[in-house]
Structure formats: structure tokens, C-alpha cells
Amino acid sequence: MTHKSLVERRIRYVVTISLVLLMVFAVRLIDVQAVRAAGFANRADMELAKRSLIMAPRGAITDVNGVEFARSVIAYRVLADQAIIDYPKRLAELAAPILDIDSGKLEAQLTGTRRYVVIAQSVKPAVWRELQAAVERYNAEVSQEKNGFAKRLAGFFAERIYVREYPEGELGAAVVGFINRAGSGAAGLEYSMNSTLAGVNGEYTYANAGGTIIPGTQKITSEAVKGNTIRLTIDRDVQWVAQEAIRTAVKSSKALSGTVIVMDPKTGEILAHASYPSFTPGNTKGVDPYRWKNPSVQEVYEPGSTGKVITVASAIEEGKVGPETVLSVPDKLRRSNKVFSDHDPHPVMKWTIAGALAVSSNTAAIKIGEMLSNDQLHSYLKKFGVGEKPGSGLPGEEGGKLLDVKDWSGTTAPTVAFGQGYSVTAMQATSVFATLANDGVRVTPTVVKGISDAAGRYTPAGKQKSVRVVSAETAQKMRLMMESVVSASGTAPTAAIPGYRVAGKTGTAQRVDDSCGCYRGYTASFIGFAPADKPEFVVSVTIQDPKGLHWGGYLGGPVFKKVMSFVLKDQHIPPTAPATNSYVLDQKALKAKIAAAEALNKSQSRVSTNG
Amino acid sequence: MSNSKSLFSRPASAYYLILGSVVALSALGLVMVLSASSVTALNESGNSFAIVLRQGLFLLLSVGVAWVAMKLRAELWVPVARVSLVVSALLLILPQVPGLGKTVGGNTNWIGIGSFTLQPSEFAKFGIIIWCALRLRIHDNKSEQGLVSNAAPLIVPGILIIMVLILLGRDLGTAVVVAGIVGGVLFIAGIPMKVFAILGAGIGSAFAFLILTSSNRMNRFSAFFDPFADENYKGVGWQQAHSIMGLASGGPFGTGLGSSKQKWGNLPAAHTDFIFSVIGEELGLLGTIAVLTLFALLILGIFRVALRANNSFERYACAGVGCWLSFQVILNIGTVISVMPVVGVTLPFISYGGSSLLATFLAIGFVLGVMRRDPEIAAEIKERKAVRAARG
């Protein structure tokens with residue numbers, strides 16, 4: 001064999017070896033890219049796949065006209081990736097004035113190796129845009145320089161979040177409530193209707209290779225669904241007037257707290273629900289948690305004189321008395337081991353039922369109550385809603401305390417008859433008056449008018465549950481009687497509104513102080529409605545533990561007048577004609593009335609014989 | 001091989017085989033460099049075309065260099081080959097000169113002139129080939145006269161010096177490629193199999209010793225057996241594991257040009273050493289087999305030129321170029337498909353790298369020049385051109 005042929009053979013060997021190796025590679029490629037491809041590819045996808053939440057905004061809470069009490073708005077959480085920040089000092093100097101942070105502090109936050117540093121918990125979208133624009137401007141400028149590209153700034157990024165705003169501040173705070181840091185309701189309707197308000201967060205997946213989101217790989221796996229918007233029955237303007245009125249009253253009487261409720265007796269809808277002291281939702285730091293409570297449904301008190309209305313209405317309903325039935329009323333009555341007395345001493349008076357109610361006589365209430373059995377009295381209290389949660393949908397509702405008849409002592413019935421010995425919330429007390437205003441039918445109070453879903457479809461809240469408590473005639477009689485309360489001779493002439501017939505009842509009850517479990521201080525209240533002949537609205541005013549003069553008429557009357565006057569005007573309720581008749585308040589007046597009626601009868605018959 | 005009248009049997013077929021495959025590989029290379037480098041380029045300079053533009057520029061320059069090499073007269077190559085060992089040695093020293101050398105990825109095998117960087121070792125590969133070819137001519141002459149001749153002593157001493165210089169720059173990839181080239185040409189030169197086996201065993205055991213004595217090297221070496229193993233995956237196996245995952249994600253037909261996910265950060269050196277994986281991910285098995293086929297045709301063509309060469313120098317030089325390209329292709333793809341440990345060599349014509357492109361085109365130019373000087377082939381090429389001109 002020649003040397004040349006040996007070389008040629010060796011070349012062919014090399015070619016053969018090379019080609020065989022390439023064929024082996026081809027086999028390996030078929031294995032990796034076809035036969036076993038799915039397993040490896042799956043592993044690659046799993047490693048790349050990342051999930052992220054799409055935050056769903058919470059629904060708004062609006063008043064009856066759409067004015068927002070609570071809303072969720074877009075904000076940005078500004079973050080920094082220290083690992084890609086080459087010039088922390090320059091970046092800090094650029095960003096500090098925009099974010100309104102100290103430049104030195106910011107520089108420290110931008111220096112290091114952490115990939116996720118929260119720089120600002122939440123900023124307005126405009127601030128984040130301004131920050132981005134400032135960095136871009138800087139980069140565009142610096143890129144003009146030689147090797148400028150390397151001097152470019154980077155490192156800020158942001159997460160889109162939602163923050164809860166309460167544009168009306170303190171107004172309606174007790175009803176609206178607030179959310180916690182995790183974004184779910186912590187108080188008020190925000191808490192009790194959390195599942196309605198909360199949206200459903202969506203999710204998207206994307207491929208992330210070494211910290212980079214690969215463009216085009218983002219895929220939304222579930223869309224975020226915005227929470228439902230709750231439309232309240234509350235009218236922002238009425239709420240404002242009520243809030244101002246109760247604030248002034250509580251402050252001037254140096255009371256512990258006070259509430260005003262404005263209710264439509266026909267529907268149970270609450271137009272205003274104000275309490276003072278209040279708080280600013282979203283700014284609950286350092287606020288006494290006691291204030292987060294909604295006193296009108298969470299705080300119970302003994303109703304006192306406003307409770308006498310139940311006693312009288314029950315006796316009339318049972319046919320025991322009429323409005324002009326004359327009672328002989330002493331100023332003191334001994335029952336069991338206790339002497340009950342009226343507010344002011346007086347001789348034995350011949351008052352009509354209407355008269356006794358107008359002056360709010362305790363002894364008269366005891367005597368009227370005694371016309372009913374304990375069971376009857378108890379059952380009427382239950383029917384008016386005492387001892388049972390009203391079901392307004394507001395969180396933490398109390399039902400008040402009412403002893404079962406078997407637990408009553410000798411003094412219980414007389415005590416209950418004039419409105420003590422049991423407790424109610426302001427909401428329950430208001431409901432009693434609303435029942436009489438609504439011709440004896442008690443409608444469950446509510447603050448929710450309707451709910452709009454994410455697509456804007458509005459669903460009105462269903463009709464509220466209603467039960468008949470007393471007959472329409474009884475209710476009518478009660479209303480006419482209660483008109484005398486605001487007359488010059490009643491306990492609350494301050495509640496009268498010129499041009500409208502107003503009815504109501506004052507209450508000045510001894511207040512149970514939780515700290516000692518004894519009676520200390522008073523609860524002053526006035527609950528009334530107007531127009532008295534065809535009631536449109538009930539307004540209740542409750543003031544807890546006022547100092548100085550504590551009479552319900554003196555404190556509650558003016559607040560009632562302020563709020564009711566506004567509501568009537570605001571809701572375009574036409575003025576009413578003066579009452580054509582009224583109940584007489586005592587025996588003397590009754591006799592005069594009868595004599596006058598007889599005289600009228602005679603003259604009429606004379607006219608008819610002559611005619 | 002000349003018993004059929006097929007296209008492959010025609011003398012000029014190798015010429016078109018080489019030209020065609022080089023054009024196809026370079027074009028594909030440019031496209032893939034664009035795809036694989038756009039992310040890196042954007043991050044580094046703000047322009048996703050920055051890297052591919054440089055590559056395109058080098059490709060144009062390379063075509064010029066190949067043309068010059070092709071046209072260079074045969075007599076002129078001999079003096080060039082005579083000094084090429086010294087020139088190669090000087091080239092390899094350059095990166096060690098302070099102020100001139102640059103270290104990239106732990107390898108001090110770059111020189112930087114302004115923003116322009118070159119890898120002298122790439123040119124040294126070709127220099128060594130033509131020097132070896134010239135030395136082996138002596139061996140051939142002696143052998144043909146029936147004298148006893150030993151090829152190894154003719155080139156091994158010079159190569160040892162070169163190897164020392166390469167290892168000074170810690171450039172394992174070039175060292176392995178040079179060893180492969182030298183082993184290849186010595187084998188072709190007709191060294192008895194016995195001698196070759198001993199030589200091979202010697203080099204093999206030297207490598208084995210180096211690997212076994214360092215746990216770090218051992219880990220790196222063994223990672224390719226199972227890059228997905230827990231102890232390898234997050235460390236030495238990362239690159240090959242992600243290369244395999246990229247290839248697999250491509251499947252038979254690929255995810256489409258530009259849509260590789262691994263190149264976004266999980267696969268390091270996507271546009272250089274691991275560009276074959278990006279081809280596999282974007283163009284699928286179809287693409288990778290096509291690339292393998294093109295390389296097979298190129299290797300076939302180059303060695304056919306070696307077989308036809310009418311003198312020893314040209315035969316050994318062409319065979320050397322064939323050994324170089326086939327060895328480097330096998331090392332690169334073997335690494336990417338994880339049947340070999342990571343050596344760190346580029347894929348000729350396709351990977352990003354100006355020096356590599358220039359050097360390979362220089363070698364291709366030389367091979368094409370050898371063919372153009374073959375009277376039979378030259379006549380056939382002329383005839384074809386005439387036919388094409390007549391048709392056109």
C-alpha cells in the first residue's frame with residue numbers, strides 16, 4: 001500500500017467517524033425533541049410559569065342619590081429592586097421630591113441587594129406617572145452623553161393596588177364603617193356586607209425567566225370581578241343636617257354621645273343615621289375603639305317616657321281606655337315595696353289619657369298599665385319589637401333586655417309601664433314610633449336601598465318584613481294624642497314646626513351606667529313624626545348622659561325640629577292644615593267640650609226646625 | 001466514489017457543496033444571532049440589533065477575507081505556512097500583554113483595541129493547520145521515497161509550545177480543539193494505529209488525571225451525565241439542563257422564529273456557545289437536523305477537496321480544516337445536547353463572534369482556492385457559469 005492510499009484511507013476514516021457522530025447526535029435530538037420532548041418541555045414550562053393576582057376593586061357605598069360614602073380607587077405601591085440600581089444616590093435625589101420622602105433615607109432604601117423593597121405603601125397614580133416620567137426624562141438626557149447608556153437610572157417598579165377612600169369623612173362613619181389593612185371590612189356595613197362589597201380577585205399567568213417577564217406570555221386565567229356597589233337609603237344631605245344637629249346638641253349639653261335617626265315609617269328606610277362623637281374612616285389610628293361602635297343599634301338604654309306610648313297604645317288597643325277617658329292621677333303611688341312618683345309634685349289631677357301622656361305622668365302610666373295583665377303588657381312590648389334585634393342589617397345589633405313575665409317582681413309591671421326596667425336601642429325606640437306613624441304596622445328598618453353588580457345591573461332590595469302591632473284606629477288616636485306633646489302645654493313645645501302638624505313624645509329616663517351597674521345620669525330623648533295626620537318621616541333624637549338640664553323636650557326637641565324641618569323641605573312634603581279637632585287634656589276641659597257640643601247640637605236642631 | 005454520475009461524483013460538486021452549506025449556515029447564523037442576542041443586546045445597550053449588526057459587519061468582512069484567501073496563489077501559501085507557527089505563537093502571547101489583553105468569562109484570550117475586540121486564538125487554529133501541513137509534506141516526501149519517517153516528531157514539539165501558550169490564557173476550549181486538529185492530522189498522516197493508540201491513551205489519561213484530581217472539574221465533567229440531578233441542576237448542570245429543556249420545548253417543528261423562552265435569561269450564552277439550543281427551540285427538530293445535515297455536507301465537501309488535492313501541503317491543510325470544523329461542531333453540539341461535558345467552543349458560522357467568523361471564512365477561502373486551482377474543477381465551474389449565462 002502506498003503512503004498516499006494510506007492517507008486517503010485515513011481521511012475516509014475521519015469522514016466516517018465524523019458522520020457517524022453526527023448521526024448519533026441526530027438520534028439524540030430525535031430522543032430529546034420528539035420522543036421525550038413532552039417531559040422536558042413540561043418541566044421548562046413549570047419552571048417559567050408564574051402566577052399573579054389581578055386585584056379586584058371593592059364596590060362603593062353610596063347614598064340614595066349616588067353620592068359616594070366609600071369607594072375604591074387605583075393607587076400604586078412603589079417598590080425598588082436594589083439589585084439593578086447602579087446609582088442609588090442620583091436615583092434618590094431624583095425621586096425624593098416626587099415621593100415626598102427624605103433623600104438620604106431613600107438612598108439607604110435603594111442600596112443593597114434586596115429585590116423587593118417597599119418604598120411607598122400607596123401613592124396616587126399621578127405621582128407614580130410623574131416618577132416614571134422623571135426617570136425617563138433623566139435617561140433621555142443622559143443617553144446623549146458619551147457612554148450615556150450605562151448611566152441610565154432604573155430600579156423602581158410598582159404594583160397596582162386599590163385604596164379605600166371615604167370622601168364624606170365622619171359623615172355616616174358609624175354606618176359605613178371601615179376596612180382593615182388586609183382590605184376586608186372591619187366595622188359597619190363594610191364589615192356586615194363584606195361579601196357583597198368584596199370583589200373576586202382575578203389571576204394571570206406569565207413566563208418569567210430569571211426575573212424577566214417574557215413578553216407575550218401573559219395570559220389572564222380568571223378575570224377580576226369588581227365588588228357590588230351598595231346604594232344606601234341614607235340621603236347625604238339629610239345625614240349632614242342630622243350630623244350637624246346632634247354634634248351641636250351633644251357638645252352644648254356636654255353629653256357622652258347622641259344619635260339621630262330619620263326613618264320612613266312606610267318602608268322602614270333610614271334616611272339619616274347620625275351619631276356623635278364620630279370618627280374618620282380610614283384614619284382609625286388612635287381612636288378609642290368604643291367610637292367605632294354604632295351607638296344607635298349597639299347601645300341600649302331604658303327608654304323612659306317614650307316607652308309610655310307602648311303602654312297607652314296597648315290599653316287603647318285592648319279597649320280599656322280611650323284618649324279622653326278621665327283618670328284620677330295622684331303624684332305618688334306605692335306599689336309593692338316602692339313608691340313611684342311623678343317628675344313634679346302635684347295634687348290629685350283629673351287628666352284624660354291624652355292629658356296624662358302630654359305631661360308624661362309616671363303614675364298615670366302605672367294606672368293605665370295596671371288595666372292590662374302582665375302577659376298582655378309583655379306581649380305588646382314584644383310586638384313593638386322590644387327584646388328582639390330589629391334586623392336592620394347593621395352589624396352588632398342589640399335587641400335590648402326584656403324580662404320574661406315569670407321573672408317579674410311586684411315592681412316590674414309598674415316600672416315597665418312608664419318605660420323603665422327594660423332596655424332598647426335608639427333604633428328600636430324609633431321603630432315603635434314608626435309603627436304608630438304607619439297605622440300600626442311595624443316595618444323592619446333598613447339602610448340598604450339596592451345593590452348594583454359589577455356590570456351595573458341594579459337590584460332593588462326586597463320589601464322589608466312588616467307585622468301589624470295595633471289597629472289603624474289605635475295608631476291614629478295615638479298620633480292625635482301625641483300632637484299635644486308639642487303643644488304649648490306639652491313637654492316639647494320646642495319640637496313644633498310652623499306649618500306642619502307634628503306629633504311626638506319626650507323621654508327622660510334614668511340611665512344605667514355600665515361602670516357601676518346603677519342608675520347614674522339620664523338618657524334624654526325625643527321621638528316624633530310629621531305630618532302628624534299622614535306621617536312621612538320619623539325622627540328620633542337620643543342624647544346619652546347630658547350634663548345640666550336633661551329633659552328630653554329641652555334637649556331633643558330643637559334637634560328634632562332642625563332635622564325634621566329640613567327633611568320635610570328636602571323631600572317636598574307640602575305643609576298641612578291645622579288639626580280640626582284635638583283631645584282635651586283634663587276633666588274640666590272635657591266638661592266644657594261636652595257642654596259646647598251640646599250647645600252646638602241645640603242650635604243646629606233649632607236651625608233645622610226653623611229652616 | 002466515482003462510479004456513479006450523480007451530482008456528488010462530479011469533481012466540482014464539492015465546490016458547490018462547500019459554498020452552498022457555508023452560505024446557508026451563515027445566513028441561518030445571522031438570523032439566529034439576531035433572535036438569540038436581542039434580549040442581551042437590549043439589556044446591554046438599549047438596542048436589540050446591536051449584536052447582530054456587529055455580526056453582519058464581520059460577515060461582510062469575512063466574505064472579503066475568504067475571497068482574498070481563495071485568490072491567493074499557491075506559491076504564496078508556502079512562505080505564509082512557514083512563519084505561521086511563530087505568528088500563531090505571537091498572536092497567542094498578545095492577550096497576555098498587560099493593557100492589551102482582556103479577560104472574558106475567566107479566559108484571557110481576547111485583545112481589545114478601543115471598543116474592538118479580537119480573539120487571536122481563533123486565527124492561531126488556522127495558522128497551526130497550515131504549519132502542520134507544511135511540516136507533514138516532509139513526512140510524505142520521505143514516505144513516498146520509501147524512507148522511514150515518523151510524523152509525530154515533526155510537529156509535536158512546536159505544538160507543545162502553542163499548547164502552553166493557550167493554557168496560559170486558561171482557554172480550555174481552544175486547547176481541546178487544537179489537540180483535536182493535531183490528533184486528526186497525525187492520524188491522517190498515517191501514524192501507525194499502535195502509536196496513535198498510545199498517544200491517545202496518554203492524552204486521555206492526562207485529561208483523566210486533571211479531572212479526577214479536582215472535585216470542581218469532576219463535578220463539571222460529570223454534570224452532563226445527568227444535568228437534571230438535584231446536585232447539578234442549580235449549579236454546573238444548569239446550562240445543559242436548560243439547553244435540553246429548550247430543545248424539547250421546540251418539539252418537532254419549533255415554537256417559531258424569535259419565540260424562544262430560554263433565551264430570556266434561563267439559558268446563559270444563548271447567542272454564543274448555546275445557539276444550537278435556541279435553533280432547536282425556535283425551529284424544532286426540523287431545524288436541528290437541517291443544521292446537522294448542512295454541517296455533514298460541509299465536512300464531506302472539505303474532505304473531498306483533501307482527497308483530490310494534488311500536493312501534500314494542500315491535502316493536509318484541507319484535511320486539517322476538515323478536522324477543525326468537524327471537531328468543533330461535534331464538541332459544540334455534543335455539549336448542547338448534553339452528551340459531552342461543557343467545553344466552551346462556538347458553533348462555526350452560527351455562533352456570535354467576529355474572530356471565529358473571520359478565521360473560519362479564511363480557512364474556507366483557502367479550501368475553495370485549492371479547488372479553483374484544480375484545472376478539471378475550474379473548467380467545470382467555467383462551463384456551468386457559461387450555461388447559466390446562456391440560460392439567463
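Heavy-atom basis, side chains included; hydrogens, waters and symmetry copies ignored. Worth saying up front: this structure is predicted, and the values here are computed from it rather than measured. Convention: sequence-line order gives letters A, B, ...; per-chain numbering from 1.
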More than 12 heavy atoms of other residues, nucleotides or ligands under 6.0 Å from [atom1] of [X]: yes or no?
| X | atom1 | answer |
| --- | --- | --- |
| A:K50 | NZ | yes |
| A:E203 | CD | yes |
| A:E223 | CD | no |

Proximity breakdown for [X] and chain B, heavy-atom pairs closer than 4.5 Å:
| X | answer |
| --- | --- |
| A:A34 | side chain |
| A:L19 | side chain |
| A:L21 | side chain |
| A:I17 | neither |
| A:R28 | side chain |

Top contributor to chain A interface from [options] [non-hydrogen pairs under 4.5 Å]:
| options | answer |
| --- | --- |
| B:A241, B:A189, B:G250, B:G322 | B:A189 |
| B:V339, B:D140, B:L267, B:V336 | B:D140 |
| B:R315, B:Q262, B:H139, B:E281 | B:R315 |
| B:S259, B:G254, B:G280, B:G251 | B:G251 |
| B:G284, B:G246, B:C323, B:A319 | B:G284 |
| B:S312, B:G190, B:A306 | B:G190 |

With a 4.5 Å limit on heavy-atom distance, are the side chains of [X] and [Y] in contact?
| X | Y | value |
| --- | --- | --- |
| A:Y138 | A:L91 | no |
| B:I18 | B:L298 | yes |
| B:V345 | B:T335 | no |
| A:P57 | A:R71 | no |

Side chain from CB out, backbone as N, CA, C, O: work out which of these in [X] comes under 4.5 Å of a heavy atom of chain A, or both, or neither.
| X | value |
| --- | --- |
| B:I299 | side chain |
| B:Y316 | side chain |
| B:F276 | side chain |
| B:M340 | side chain |

Between chain B and each of A:V14, A:V24, A:D45, A:T217, count heavy-atom pairs under 4.5 Å; write down the option with the most.
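The option with the most such pairs is A:V14.
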Does a donor on one side chain and an acceptor on the other come within less than 3.5 Å for A:S122 and A:R77?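 Per modelled atom types, A:S122 and A:R77 side chains form no pair under 3.5 Å.
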Check your understanding: ring-ring contact (aromatic ring centres under 6.0 Å, His included) with B:H242: which of B:F228, B:F274, B:Y233?
Key ->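 Option passing the ring-ring contact (aromatic ring centres under 6.0 Å, His included) with B:H242: B:Y233.
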*Quick one: closest heavy-atom pair of B:E282 and B:G258, and the distance?*
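Here B:E282 and B:G258 meet closest at OE1-N, 2.7 Å.
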